[in-house]
Amino acid sequence: MRLGLVIDLDTCVGCHACAVACKQWNTSGTLGPLSDYEPYGAAPSGVWVNRVRSYEQGQYPHSKTVNLPLSCMHCDRPPCVDVCPTGASYKREADGVVLVDDAKCMGCNYCAWACPYGARELDTASGTMKKCTLCIDRIYDTRLPEAERQPACVLACPANARHFGDLDDPDSEVSRLVRERRGYPLLPEMGCEPVNHYLPPRPAAASRPPAAAPAEAGGQGRAAAVQEWANRIVRR
Amino acid sequence: MHAPLSVVLFTVLSGAGYGLTVLFLLADRLALGGPVGGGERLAAGLTAVALITVGLLFSTGHLARPRRAWRSLFRVRTSWLSREAALALLFYPVAGGFVAAYGLSGWAYTPLVTALAVLTGLLAAATLIATGMIYACVQAVREWHQGLTPVNYLVIGLALGAGVLTLIRAAAGADPAPAAALGAGLLLTAAVTKAAWYAWNAVPGGAGATTATGLSAGPVRLLDSGESAASFLAHEFLHPLAGDRRRGRYYRGLVLLGGFLLPAAGLAVVAWSGSLPWAAAALALAFAGALVERWLLFAEARHAVRLYYGAAERL
């Protein structure tokens, strides 16, 4: 089993709800706290294990805004686990989730250097490394209704851009999405073999409304004539 | 990348200590520049142990939880940091065993003493290489991920050690010429390998903003990092020098010229004249150069995270 996320860059609206839900759940869950530094000061900062960045692709007018949420990729070959000198970082055999044992981490930063994605952040208050756990304290919790046994970010996404599942199972929803939408991993040349995949934005033409069909002679009567007249005035 | 002062001081000081260990054992066994006296032996041994130990203590300054450092001794199968820690710790009993056997044999090289001396020297050199491999195995940092990285750590450590040895030999009244010549040669070697390291870093790498985001339809530009204040990632990975190749060139020139070539010339003067002040000046310059070199190793490093912050088009 290889649990991971599939994130649809076509529908992500960049609302940061996933990041906030992640912070809320994990700061009070088994991973927590995700410390904040000077939360009421001039420059509030803190530990986030899921961050959303916005990019512009192409040149105006042929440009598109793409929002890219980024958290741990739960790589098949995680360099962060290899370099960890204390054995605090590990990858679970059963489901492939990469975790940090908070009781063993000595806060040397080496795993953060080794990760090309910037998925790990040192919590200077606890002195240990924090990273996405794929909400390990949610997804196996049998006290929750089955539909809620998903990472907090996936449940929070209002655009349904985040999908959680087993990428080893070819019949799972996430595998089907990767197959049909040509999902891809980030920075494949780093050789980490990330489990998380991203679904590319659809071509610009696909997200435009279809061109208005020419009005037929006689049409649909007066209502259609008024609509067509209005459409001519209000240009998109 | 952010340059942690503790790691800069640790790698320079301990590196010099391990280099001194290797070269002093060589000088002692082969009587380079005349036989080594008892007082000189004590001074060299104490200097090496002090440099190594002070450096190792500095290294714990980089840990957020130093009291858990003992755990880093047991992951030698996968982690170079763990290998370095284990080798550095193993060095103490082996070096102690060598000194005890050496003293018990009446300061003569019996087969056992020679074997322990070789083992001590090998451990010192292996620790230097392990330190270099900590950086060389990180693929996310383009500058570090190359074969010359551990070579530089080894050669610079040995060169600093040769500088210290020159000073000790000159202060003890022995002929410092062989040690100084060795130091000059090692510094010149360091200048060559470091220059090759810099040259390799000028070649653009494969990773870029396109592969980092997977957006291949056109140039990718960061609109919003989503951060209102500098995060851990910005602090750790977005050093301004990494994108400033011109200022970087200035510091690289400073390292090659002031840190390697000038002290090499100074040691050449020592080899010719045996002058103690020249040895001290060359050593001070070499140490200063090594500190800048180690700081630059971090400050200039281009980590892949830079791509996500729009700090670079390509690595």
Side-chain angles (χ1 to χ4, degrees), chain A residues 9 14 16 19 38 42-48 51-59 62-66 68 70 79 81-88 104-110 112-118 121-124 126-128 184-191 198 200-201 203, chain B residues 1 4 62-75 78-85 134-135 137-141 144 205-207 209 211-237 303-305 307-310:
Chain A
L9 299 183
H16 292 250
E38 296 186 57
S45 180
V47 181
W48 294 70
R51 290 183 183 271
V52 184
R53 301 184 186 91
S54 301
Y55 299 92
E56 185 183 53
Q57 177 190 216
Q59 297 281 337
H62 306 292
S63 61
K64 191 177 176 73
T65 301
V66 181
L68 186 84
L70 203 150
V81 171
D82 288 346
V83 303
C84 179
T86 64
K104 289 183 181 168
C105 178
M106 65 176 185
C108 69
N109 266 357
Y110 195 19
W113 294 355
C115 173
Y117 304 101
E121 301 195 13
L122 185 78
D123 186 335
T124 51
S126 70
T128 52
Y184 60 85
L186 303 185
L187 285 174
E189 65 272 30
M190 291 288 168
Y198 287 79
Chain B
M1 286 179 62
H62 184 241
L63 307 179
R65 290 245 183 188
R67 281 162 69 186
R68 292 177 179 172
W70 61 272
R71 288 188 182 276
S72 66
L73 297 170
F74 304 108
R75 292 283 153 170
T78 52
S79 170
W80 278 105
L81 182 51
S82 188
R83 286 170 199 166
E84 183 207 37
I134 287 176
Y135 303 93
C137 75
V138 175
Q139 200 177 350
V141 181
W144 296 355
T211 56
T213 60
L215 304 173
S216 52
V220 177
R221 184 168 71 87
L222 181 75
L223 291 178
D224 183 7
S225 72
E227 294 166 23
S228 54
S231 64
F232 166 80
L233 299 175
H235 172 262
E236 197 69 20
F237 299 120
H303 194 280
V305 166
L307 298 172
Y308 290 103
Y309 281 89

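Within every chain, numbering begins at 1; the chains are lettered A, B, ... in the order of the sequence lines, protein sequences first and strands thereafter. Scope of the values below: all heavy atoms of this structure, side chains included, with no hydrogens, waters or symmetry mates.
For chain A, the nearby parts of B:His62 are the backbone and the side chain; heavy atoms of each come within less than 4.5 Å. Looking at B:Ala230, only its backbone comes within 4.5 Å of chain A, counting heavy atoms on both sides. Residue B:Trp144 touches chain A through its side chain alone, counting heavy-atom pairs closer than 4.5 Å. Only the side chain of A:Tyr184 comes within contact range of chain B, with heavy atoms under 4.5 Å apart. Contacts between B:Phe237 and chain A at a heavy-atom distance below 4.5 Å involve the side chain alone, from C-beta outward. A:Ala88 does not touch chain B: none of its heavy atoms, backbone or side chain, sits under 4.5 Å away. Both the backbone and the side chain of A:Leu122 have a heavy atom closer than 4.5 Å to some heavy atom of chain B. Of the atoms belonging to A:Val66, it is side-chain heavy atoms, and not backbone ones, that fall under 4.5 Å from chain B.
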For this session: Test B:Tyr309 against A:Arg53 for side-chain hydrogen bond (donor to acceptor under 3.5 Å, both in side chains), laying out the working first.
Result: CA-CA 8 Å; B:Tyr309 281 89; A:Arg53 301 184 186 91; 3.2 Å; yes
For this session: Let me see the working for B:Arg67 and B:Arg65 under side-chain contact (heavy atoms from CB on, under 4.5 Å), right down to the final yes or no.
Result: CA-CA 6 Å; B:Arg67 281 162 69 186; B:Arg65 290 245 183 188; over 6 Å; no
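One side chain, B:Ser231 or B:Glu227, offers a donor N or O that lies under 3.5 Å from an acceptor on the other.
Using a 4.5 Å cut-off on side-chain heavy atoms (C-beta onward), A:Cys108 and B:Leu81 make contact. Between A:Leu9 and A:Leu68 the shortest side-chain heavy-atom distance falls below 4.5 Å. Put simply, the side chain of A:Val83 does not reach to within 4.5 Å of the side chain of B:Trp80, judged on heavy atoms. Counting heavy atoms from C-beta outward, B:Leu223 and A:Tyr55 have side chains that stay 4.5 Å or more apart.
Between chain B and the options A:Pro200, A:Pro185, A:Cys115, A:Ala19, heavy-atom pairs under 4.5 Å are most frequent for A:Cys115. Your options are B:Ala209, B:Gly214, B:Gly310, B:Ser228, and the one with the most heavy-atom pairs under 4.5 Å with chain A is B:Gly214. Interface remark: of the candidates B:Gly218, B:Gly206, B:Ser79, B:Gly226, B:Ser79 forms the most heavy-atom pairs closer than 4.5 Å to chain A. Each of B:Asp224, B:Thr78, B:Val138 has some count of heavy-atom pairs under 4.5 Å with chain A, and the biggest count is that of B:Asp224. When B:Ala64, B:Pro4, B:Ser225 are compared by the number of non-hydrogen pairs under 4.5 Å with chain A, B:Ala64 comes out ahead. Interface check for chain B: of the options A:Cys84, A:Ala114, A:Ala43, the most heavy-atom pairs under 4.5 Å are formed by A:Cys84. Options B:Ala69, B:Pro219, B:Ala85, B:Ser82 differ in how many heavy-atom pairs under 4.5 Å they form with chain A, and the most are formed by B:Pro219. By number of non-hydrogen pairs under 4.5 angstrom with chain A, the leading residue of B:Ile134, B:Leu73, B:Val305 is B:Ile134. For chain B, the option among A:Val81, A:Asp82, A:Val47 with the highest count of heavy-atom pairs below 4.5 Å is A:Asp82. Each of A:Thr124, A:Leu70, A:Asp123, A:Thr128 has some count of heavy-atom pairs under 4.5 Å with chain B, and the biggest count is that of A:Leu70.
Counting all heavy atoms, side chain and backbone alike, B:Ser72 lies closest to A:Met106 at CB-CE, 3.7 Å. A:Thr86 and A:Cys105 make their closest contact through OG1-CA, 4.3 Å (heavy atoms, listed as atom of the first residue, atom of the second, distance).
B:Gln139 pairs by the side chain to side chain contact (heavy atoms under 4.5 Å, CB included) definition with A:Met190, B:His145, not counting sequence neighbours.
For the side chain to side chain donor-acceptor pair (under 3.5 Å) condition, the pairs that include at least one residue of residues 211-222 of chain B, sequence neighbours left out, are A:Glu56-B:Arg221, A:Glu189-B:Thr211.
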